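Have a look at the structure below, then the notes.
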Amino acid sequence: MTAADSPTPNRIVVGIDLGTTNSLAAVVTRHGPRVLRAADGEALLPSVIAFPEDGSTPVVGAEAKARALDLPTRTIHSVKRLLGRSRADVEAEASRLPYPVVPEPERGLARIPIDGRDWSPEELSARVLGAVRARAEAALGMAVEEAVITVPAYFDDAQRQATRHAAELAGLRCLRIVNEPTAASLAYGIDGSHDGTVVVYDLGGGTFDVSVLEIRDGVFKVLATAGDTHLGGDDFDRVIADEILTAAGAHDLVDDAYVKQAIRKSAEALKIELSNAEGAELAIDLGREEQATLRLTRARFEELIAPLVERTIACLRQALRDAERTIDQIDDLVLVGGSTRVPLVRRLVAEATGREPHDGVDPDLAVALGAAIQADILAGGNRNLLLLDVIPLSLGLETMGGVVSKLILRNATIPTSKTEEFSTQIDGQTAVELNIYQGERERTADCRKLASFRLRGIPPMPAGLPRVAVTFMVDADGVLRVHAKEQRTGIAASIQVVPSFGLTQDEVREMMRASIDHAMEDMADREAIELRNKAAAMVHGTRRALELSDLPPDQTYAVKKATNKVDRLLAEADTPADELKRAVDDLSRRTAQIADDVIGSAVHKALTEPREPEAR
Amino acid sequence: MSNPDPFATLGLAPTLDLDLQALEASYLAHSREAHPDRWSDAVRNADDPAILAEALALAASVNDAYRVLKDRWLRAGVLIDRLDADARDATRTLSPLFLAEAMELAESVAEADDDGAPQLRDAIADRVERTFVAVADALREGDARAAATALHQSQYFRKALADLDARCLASGGDR
């Protein structure tokens with residue numbers, strides 16, 4: 001690097017693209033963003049860690065990748081897919097990995113055992129970050145201590161936290177977590193000649209994101225994002241691997257780590273060949289002088305991966321709907337990630353957007369270059385750009401009956417916050433537990449549980465009297481922070497966060513699409529649950545109110561009768577919704593006049609409040 | 001609640017008939033000040049977590065004010081609260097006559113077939129618009145309770161519209 005290429009002095013903040021397959025760093029120089037290359041000119045560092053058998057220091061990068069066949073169970077790739085995940089979450093893919101993945105005893109988090117030591121995905125990612133950092137330091141000739149690190153836009157809270165922890169373990173101060181498609185849009189739009197509505201389609205080795213942005217006068221505003229954190233080029237390799245196994249008649253060999261690594265390697269090579277040629281051939285050595293040949297045409301390959309690519313197109317349509325943009329309003333299409341080299345991907349995305357892909361952006365380098373631009377903004381080197389990003393998945397609280405009440409809707413610009421008031425249900429209660437979920441569905445069972453928050457230190461008061469204001473804040477990294485205060489006394493309630501990763505990955509993957517498919521079913525379920533909740537609250541509230549009220553006896557009798565009827569219907573699990581509704585309406589009419597006087601507005605509100613329709 | 005007035009946050013005159021370009025310009029100007037990317041190192045590296053929390057709360061309030069004001073219904077809600085903080089709570093109980101009508105509407109949405117859906121959609125969209133005019137008229141006359149009642153009623157129509165659209169989407173086809 002020449003002197004003129006030197007980065008802005010005083011402070012070095014690098015941008016790092018921590019990828020499933022490859023990682024790299026970039027920095028902004030006086031001549032714009034530049035990738036930091038190895039001495040041999042190579043930009044991409046394979047995100048692979050190999051543990052030599054003699055127990056010496058693990059190697060990272062191309063050297064590790066080269067050892068995959070001779071150290072099949074000790075060469076770790078695609079660790080990004082395990083970040084912030086439990087072993088149960090990754091069940092489907094763990095069986096295909098040549099290396100073992102085991103659950104950690106406490107919360108079942110994914111761990112990789114090597115020579116009797118369990119490695120966390122954070123530690124392994126830290127090894128990759130460390131190698132990227134060493135390469136950056138060699139290229140710059142100075143120490144690197146601060147970085148901006150990119151993550152898939154669709155990463156949830158846990159995955160973002162895990163990435164931050166990996167940076168910490170690598171001795172890097174992570175100034176910001178940036179979404180990969182947003183970073184790519186910065187690299188694309190930095191020269192100011194691309195104002196308009198842009199779709200960034202990012203299909204990497206293991207993750208998929210699509211974002212719709214509006215770029216104008218240096219403001220990069222993300223309108224909507226959608227994606228799938230478990231869909232990428234690895235999955236294309238997998239369908240080819242299945243073809244190889246079939247051709248070899250060797251499904252029984254699938255448990256052998258060496259065979260798994262060999263097949264994975266061959267599948268990747270075939271995929272790359274098929275992106276440039278109409279057909280490819282693979283000679284498979286079956287041992288004992290036997291050989292099998294697999295001939296794969298591009299047409300067959302495309303047939304195999306079409307369902308996967310269709311899933312990305314559905315996400316793309318979802319993002320456009322959420323952004324309230326039509327195809328006609330798209331000014332440009334930017335493709336990022338190595339998997340966008342697959343011709344079928346290019347073709348289907350071009351069809352779905354009515355645009356030919358912009359070709360001024362290198363799909364392997366754009367994310368790192370964009371991260372470098374964000375790093376420069378944070379280091380104070382660029383005051384002209386403003387980046388407005390969003391939260392990819394809604395955050396909600398569990399309410400009675402397993403329903404998620406949304407607090408923050410997906411695609412809200414971050415930072416964003418919501419304050420809600422909670423009270424107690426039992427006299428003298430001093431703690432409240434709140435369960436927070438991320439996802440789009442109505443039922444807790446269909447969303448991912450992020451954490452339990454235990455509010456403690458609430459002053460003992462009669463039930464319903466404490467008013468605990470809980471503020472849910474999503475910071476600029478897309479990570480949730482929570483604090484709470486009791487309003488009457490001003491006492492800050494302490495919060496204990498118990499993160500949990502309880503869902504399988506399939507469920508997370510299904511969340512978005514399913515939220516559309518199941519919209520009707522959810523609606524009916526939710527209405528039924530809400531009706532029962534409302535009825536139960538009314539029975540309880542009315543009985544309390546009757547104790548306190550001095551209604552004339554005839555009215556008291558009528559209200560009691562109506563209350564008992566609702567109570568009786570509630571006790572029967574199979575009461576038809578309309579019958580319960582009639583009884584609730586009847587009770588509602590009879591209690592209308594006492595509600596305001598006696599129960600107080602809070603209960604009245606709970607009895608009668610219609611729900612806000614969800615913003616779309 | 002404790003949330004600050006979004007009009008005040010963005011320095012805009014409170015009106016339902018908001019100039020959306022002015023809103024956008026004000027939002028971006030405030031973002032350039034408050035966004036975490038623009039924080040000075042003094043804030044970013046502050047030892048006192050309260051300083052960081054306050055800066056974050058301000059940045060969030062700018063985004064949240066923009067989100068609220070951009071949506072005409074949420075904007076109307078803010079204006080009603082400004083007139084009479086209790087109006088929305090006090091008007092939650094809608095007349096049985098209206099509720100019966102809303103129920104009927106929800107049923108027709110649930111039963112709508114592909115042929116009838118476009119016509120039904122037009123009819124509901126018309127109800128939504130008329131209800132908005134009712135909110136606007138009431139606000140103009142300073143009648144917070146009437147505006148709040150119409151706003152509550154609008155939720156049923158808007159939900160019906162969203163449900164109908166979700167159904168059309170679920171039953172296949174991109175509009």
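Predicted, not measured: the structure shown is a model, and the values here were computed from it. Numbered from 1 within each chain, the chains take letters A, B, ... in sequence-line order.
- Heavy atoms of Ile414(A) lying under 4.5 Å from chain B belong exclusively to its backbone.
- With sequence neighbours left out, the ring-ring contact (aromatic ring centres under 6.0 Å, His included) criterion links Phe157(B) to Phe98(B).
- Checked by atom type, the side-chain pair Thr471(A)/Thr419(A) shows a donor-acceptor distance below 3.5 Å.
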Could you go through residues 49-58 of chain B and list every donor-acceptor pair under 3.5 Å that involves a side-chain atom there, pairing it with any protein atom two or more places apart or in another chain?
none

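- With salt bridges taken as basic N to acidic carboxylate O contacts below 4.0 Å, one links Lys418(A) and Glu420(A).
- For chain B, no part of Asp585(A) is nearby; none of its heavy atoms comes within less than 4.5 Å.
- Only the backbone of Asn384(A) comes within less than 4.5 Å of a heavy atom of chain B; no side-chain atom from C-beta onward does.
- A search for side-chain contact (heavy atoms from CB on, under 4.5 Å) contacts involving Thr326(A) returns Asp328(A), Gln329(A), not counting sequence neighbours.
- Of the atoms belonging to Arg173(A), it is side-chain heavy atoms, and not backbone ones, that fall under 4.5 Å from chain B.
- Of residues 26-38 of chain B, those residues with a non-hydrogen atom less than 4.5 Å from any non-hydrogen atom of chain A are, in numerical order, Tyr27(B), Leu28(B), Ser31(B), Arg32(B), His35(B), Pro36(B), Asp37(B), Arg38(B).
- In this structure, the portion of Arg176(A) lying under 4.5 Å from any heavy atom of chain B is its side chain and not its backbone.
- Within a 6.0 Å sphere centred on CD of Glu104(B), heavy atoms belonging to other residues, nucleotides or ligands number 12 at most.
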